[in-house]
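Small disclaimer: the values here were computed from a predicted structure and weren't measured. In this chain, residues are counted from 1 in sequence order. Whatever order the structure lists ligands and atoms in, that order sets their numbers, starting from 1.
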Amino acid sequence: MSTIAERQMQFLFALRTKGVTDARVLTAMEKTDRARFVKGHFSARSYEDMPLPIACGQTISQPSVVGLMTQALNVQPRNKVLEVGTGSGYQAAILSHLARRVYTVDRHKTLMNNARLIFQALDITNLMAFTADGSFGLPDQAPFDRILVTAAAEDPPGPLLAQLKVGGIMVLPVGQSNSVQTLIRVNRTETGFEYEELRAVRFVPLLEGLGKD
Ligand code: SAH
């Protein structure tokens, strides 16, 4: 049985080994205890680099993938960030340490209620969480400097592209829901959008409308 400090060291070491090297991202992940976001008997596996089940048939992503996506997003301290797919709230909590303000959206009320309780317990005050279909973004809060989507769509949703500032970055998995998807980074320039393929990933699908629970 290893101590909490040892587990934390191993966790950070595993992230570095997988290519998460940005010091600000590593610090934000060090501050965010993944065990808080995983319930029941799976919490013992919180520090392993694997996705784990959460409520509503969804998953908390693999820590190295969370790290690589956060790193690709290149969040700056003054940024306003939108995350689509709150899930457990883990990724949103990490973003809250890097950005000025974070908005996060999930289509499941149950997940949202669980995540909100954790955000309150952790005293995270620069984060606003909404139950909504995030493929439409958050028109009232737009535009955003950064957008992170943590569920896979076949293509980048039009409303999200429209809500990205010029000079802004969006990171999202695209592709068929039942196969391997591609993580892409979209840069919005003065003249349009630039697309860059980052790596193969596997995410749950971005679904339409609200979940029934
Ligand atoms: N970022 C999460 C993991 C996301 S799992 C974490 O850190 O734990 C993907 C999430 O996307 C699921 O919770 C699912 O309910 C949500 N989702 C899927 N389609 C959505 C949509 N259209 N709008 C908002 N959330 C959606």
Side-chain angles (χ1 to χ4, degrees), residues 15 20 25 28-29 31-40 42-43 45-46 48-73 75 81-99 102-119 122 124 127-139 141 144 146-160 163 170-178 181 183 201-213:
L15 290 174
V20 184
V25 173
M29 292 185 77
K31 284 186 196 157
T32 312
D33 183 5
R34 190 165 181 252
R36 296 292 291 256
F37 300 86
V38 180
K39 287 212 175 78
F42 286 110
S43 66
R45 314 199 75 168
S46 301
E48 292 176 34
D49 193 26
M50 51 161 60
L52 294 170
I54 54 174
C56 305
Q58 304 302 313
T59 53
I60 176 171
S61 313
Q62 195 176 338
S64 60
V65 173
V66 170
L68 291 169
M69 287 175 85
T70 311
Q71 188 166 283
L73 202 61
V75 181
V81 182
L82 171 66
E83 181 202 22
V84 176
T86 313
S88 67
Y90 178 59
Q91 170 77 73
I94 292 168
L95 291 170
S96 77
H97 292 299
L98 296 165
V102 177
Y103 296 87
T104 185
V105 187
D106 205 285
R107 60 190 288 281
H108 283 289
K109 219 168 43 215
T110 303
L111 291 174
M112 187 47 70
N113 292 339
N114 291 342
R116 279 195 185 124
L117 289 175
I118 306 172
F119 299 147
L122 295 178
I124 300 176
L127 195 162
M128 301 263 281
F130 300 90
T131 307
D133 180 348
S135 43
F136 296 102
L138 284 177
Q141 317 297 338
F144 299 97
R146 299 289 185 265
I147 300 178
L148 183 60
V149 187
T150 62
E154 295 208 1
D155 295 298
L160 297 184
Q163 290 173 30
M170 170 154 72
V171 171
L172 77 165
V174 290
Q176 302 284 334
S177 60
N178 291 325
Q181 304 124 11
L183 187 66
V201 283
R202 196 181 275 270
F203 274 85
V204 296
L206 188 76
L207 298 173
E208 277 178 27
L210 292 184
K212 59 184 181 328
D213 57 354

### Query
Is any side-chain heavy atom of Ile54 closer than 4.5 Å to a side-chain heavy atom of Val38?
no
### Task
For ligand 1, indicate whether the residue Ala92 contacts it via side chain, backbone, both or neither (heavy-atom separation under 4.0 Å).
neither
### Query
Roughly how far, to the nearest 0.5 Å, is the CG atom of Leu82 from the CG atom of Leu160?
6.5 Å
### Task
Examine Gly85 against ligand 1 and note whether any of their N/O atoms are separated by less than 3.5 Å.
yes
### Query
Is the closest N or O pair between Leu111 and ligand 1 shorter than 3.5 Å?
no
### Summary
Numbered in order shown, the ligand 1 atoms found under 4.0 Å of a heavy atom of Glu83 are 1 (N)
### Query
Is the shortest distance from a heavy atom of Thr86 to ligand 1 less than 4.0 Å?
yes
### Message
Looking only at protein heavy atoms, which one is nearest to atom 14 (C) of ligand 1, and what is the separation?
### Response
Gln58 OE1, 3.4 Å
### Query
Applying a strict 4.0 Å limit to heavy atoms, is Gly209 in contact with ligand 1?
no
### Task
For ligand 1, note which part of Ser88 has a heavy atom under 4.0 Å away: side chain, backbone, both or neither.
both
### Message
Which residues pass the ring-ring contact (aromatic ring centres under 6.0 Å, His included) test with Phe203, not counting sequence neighbours?
### Response
none
### Query
Should Glu208 be listed as contacting ligand 1, given a heavy-atom distance under 4.0 Å as the test?
no
### Task
Please identify each residue that fulfils side chain to side chain donor-acceptor pair (under 3.5 Å) with Ser96, with sequence neighbours left out.
none
### Message
For Arg107, which part has a heavy atom under 4.0 Å from ligand 1: side chain, backbone, both, or neither?
### Response
both
### Query
Any non-hydrogen atom of Pro205 lying under 4.0 Å from ligand 1?
yes
### Task
Report the nearest protein non-hydrogen atom to atom 23 (N) of ligand 1: residue, atom name, distance rounded to 0.1 Å.
Gly134 N, 2.7 Å
#### Entry: Element-labelled atoms of ligand 1 that are located less than 4.0 Å from some non-hydrogen atom of Gln91
1 (N), 7 (O)
### Query
Hey, what's the ring geometry for Phe130 with Tyr103, parallel, tilted or perpendicular (30° and 60° as the breaks)?
parallel
### Query
For ligand 1, which atoms, with element, lie under 4.0 Å from some heavy atom of Ala151?
11 (O), 18 (C)
### Task
Please work out whether any backbone atom (N, CA, C, O) or any side-chain heavy atom from C-beta onward of Asp106 is under 4.0 Å from ligand 1, and answer side chain, backbone, both or neither.
both
### Message
How far is atom 3 (C) of ligand 1 from the closest protein heavy atom, and which atom is that?
### Response
Thr59 O, 3.3 Å
